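One structure below.
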Amino acid sequence: MKEMYDNWTKEFMDSWKELDWKRTLNTLDKEVEYYENPIDKPCKSFEEVTQLWNIVADNQKDITYQYEIVAYNNDFGIINWKMTRTMLSNNVKQEIDGIFQIALNKEGKCTYFKQWRFTKEC
């Protein structure tokens, strides 16, 4: 099971790093329950998730990341991830420390996605 979470996280983060948002979307099931922010309601549709991701290549660059799977079972995985990136609008470098809570189906696609993150300028 840990290998499934590891494979998913690596593909998700690699595609984000490479600004390949269509590849990122391929890690998600079309019926994913997707929370961009843990206190907001989930996205209403896969189209809404797509709208969130199709701006990535236009607003950031120079992404580096690392992650650690901190807990997992047959139902959920918890991943702590850290990233640095530069925002294109103002050329400000950011550090992010975040948590993904994910659920995967048998095909390795994410069916549940919720993230918490703290972002600061560096």
Side-chain angles (χ1 to χ4, degrees):
M1 193 89 236
K2 183 177 182 182
E3 185 177 351
M4 263 184 91
Y5 290 115
D6 189 49
N7 291 341
W8 182 88
T9 306
K10 183 161 178 25
E11 178 63 13
F12 184 87
M13 298 301 287
D14 279 352
S15 62
W16 187 354
K17 176 182 177 175
E18 294 168 17
L19 304 174
D20 188 346
W21 62 271
K22 290 180 181 178
R23 189 171 138 206
T24 305
L25 291 173
N26 273 338
T27 68
L28 306 173
D29 186 85
K30 298 286 187 215
E31 301 296 321
V32 66
E33 185 175 346
Y34 189 99
Y35 294 81
E36 177 70 9
N37 182 321
I39 61 172
D40 292 338
K41 292 182 180 179
C43 291
K44 295 179 186 115
S45 65
F46 196 76
E47 182 178 314
E48 193 173 332
V49 176
T50 301
Q51 291 170 1
L52 288 171
W53 276 98
N54 72 11
I55 62 168
V56 168
D58 297 330
N59 72 4
Q60 55 195 271
K61 66 177 183 174
D62 302 330
I63 295 170
T64 62
Y65 75 88
Q66 60 187 18
Y67 69 89
E68 177 185 4
I69 299 169
V70 294
Y72 66 94
N73 61 28
N74 289 335
D75 298 320
F76 286 99
I78 305 295
I79 296 97
N80 176 221
W81 58 279
K82 297 177 184 193
M83 173 183 285
T84 61
R85 68 182 179 187
T86 302
M87 299 306 294
L88 292 174
S89 63
N90 54 12
N91 212 36
V92 170
K93 190 170 184 173
Q94 295 179 331
E95 285 182 22
I96 305 171
D97 191 343
I99 294 287
F100 294 142
Q101 178 185 358
I102 61 169
L104 303 176
N105 62 21
K106 291 178 183 176
E107 293 77 39
K109 300 254 185 182
C110 185
T111 59
Y112 181 91
F113 178 92
K114 188 180 268 192
Q115 67 177 335
W116 293 258
R117 63 181 177 215
F118 177 77
T119 304
K120 71 174 186 173
E121 292 182 6
C122 52

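Please read all numbers here as calculations on a predicted model, not as lab measurements.
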- Can W16 be reached from L88 by stepping across I, L, V, M, F, W or Y side chains whose heavy atoms are under 4.5 Å apart? no
- Task: Please answer: with hydrophobic residues joined when any side-chain heavy atoms are less than 4.5 Å apart, are V70 and W116 in the same cluster?
- Result: yes
- Are a donor atom and an acceptor atom from the side chains of D29 and Y112 found within less than 3.5 Å of each other? no
- Return yes if some donor-acceptor pair links the side-chain N/O of T24 with the main-chain N/O of D20 below 3.5 Å, else return no. yes
- List the atom of K2, the atom of I69, and the distance in Å for their closest heavy-atom pair. O-CD1, 3.8 Å
- Query: Taking D97 for the side chain and R117 for the main chain, is one N or O donor matched with an acceptor at less than 3.5 Å?
  - Reply: no
- Item | Identified ring-ring contact (aromatic ring centres under 6.0 Å, His included) partner of F113 from the options F100, F76, F46 | F100
- Please check if the side chain of Q94 supplies one atom and the backbone of R85 the other of a donor-acceptor pair under 3.5 Å. no
- Please report the shortest heavy-atom distance between L19 and A57, naming the atom on each side. O-CB, 3.7 Å
- Message: Can you confirm whether I55 sits close enough to W21 that some side-chain heavy atom of one is under 4.5 Å from a side-chain heavy atom of the other?
- Response: no
- Task: Determine whether D62 and T84 make a side-chain contact, defined as any pair of heavy atoms from C-beta on separated by less than 4.5 Å.
- Result: no
- Give me the one residue out of L104, N105, L28 that meets side-chain contact (heavy atoms from CB on, under 4.5 Å) with T111. N105
- Query: How many angstroms lie between CD in E36 and CD in E48, if you round to the nearest 0.5 Å?
  - Reply: 10.0 Å
- Report the C-alpha separation of I79 and Q115 in whole Å, then their side-chain angles, then the decisive distance to 0.1 Å, and conclude whether the side chain to side chain contact (heavy atoms under 4.5 Å, CB included) test is met. CA-CA 9 Å; I79 296 97; Q115 67 177 335; over 6 Å; no
- Task: Verify side chain to side chain contact (heavy atoms under 4.5 Å, CB included) between Y65 and I96, making sure each step is shown before the conclusion.
- Result: CA-CA 9 Å; Y65 75 88; I96 305 171; over 6 Å; no
- Message: To the closest 0.5 Å, what do you measure between CE (M4) and NZ (K106)?
- Response: 10.0 Å
- Query: What distance do R23 atom CZ and N26 atom CG have between them, rounded to the nearest 0.5 Å?
  - Reply: 9.5 Å
- Check the hydrophobic clustering (I, L, V, M, F, W, Y; side-chain heavy atoms under 4.5 Å; chains of links allowed) and say if I102 and L52 are grouped together. yes
- Task: Indicate the atoms forming the closest heavy-atom contact of C110 with W8, along with that distance.
- Result: CB-NE1, 3.5 Å
- Query: Minimum heavy-atom separation for M83 to M13, with atom names?
  - Reply: CE-CE, 3.7 Å
- Task: With side chain to side chain contact (heavy atoms under 4.5 Å, CB included) as the test, would you mind laying out the steps for M1 and N73 before giving the verdict?
- Result: CA-CA 7 Å; M1 193 89 236; N73 61 28; over 6 Å; no
- Message: So that I can tick it off, tell me whether K114 and E33 are bridged by a salt bridge, with the cut-off set at under 4.0 angstrom between side-chain N and carboxylate O.
- Response: no
- Roughly how far, to the nearest 0.5 Å, is the NZ atom of K30 from the OG atom of S45? 11.5 Å
- Is it true that E3 and K10 make a salt bridge, defined as a side-chain N closer than 4.0 Å to a carboxylate O? no
- Message: So if I apply the ring-ring contact (aromatic ring centres under 6.0 Å, His included) rule between F12 and each of Y67, Y5, W53, which one comes out positive?
- Response: W53
- Query: In the single-linkage hydrophobic clustering (I, L, V, M, F, W, Y; side-chain heavy atoms under 4.5 Å), do V49 and V56 co-cluster?
  - Reply: yes
- Item | ILVMFWY cluster, I63 and M87 together (side-chain gap under 4.5 Å) | no
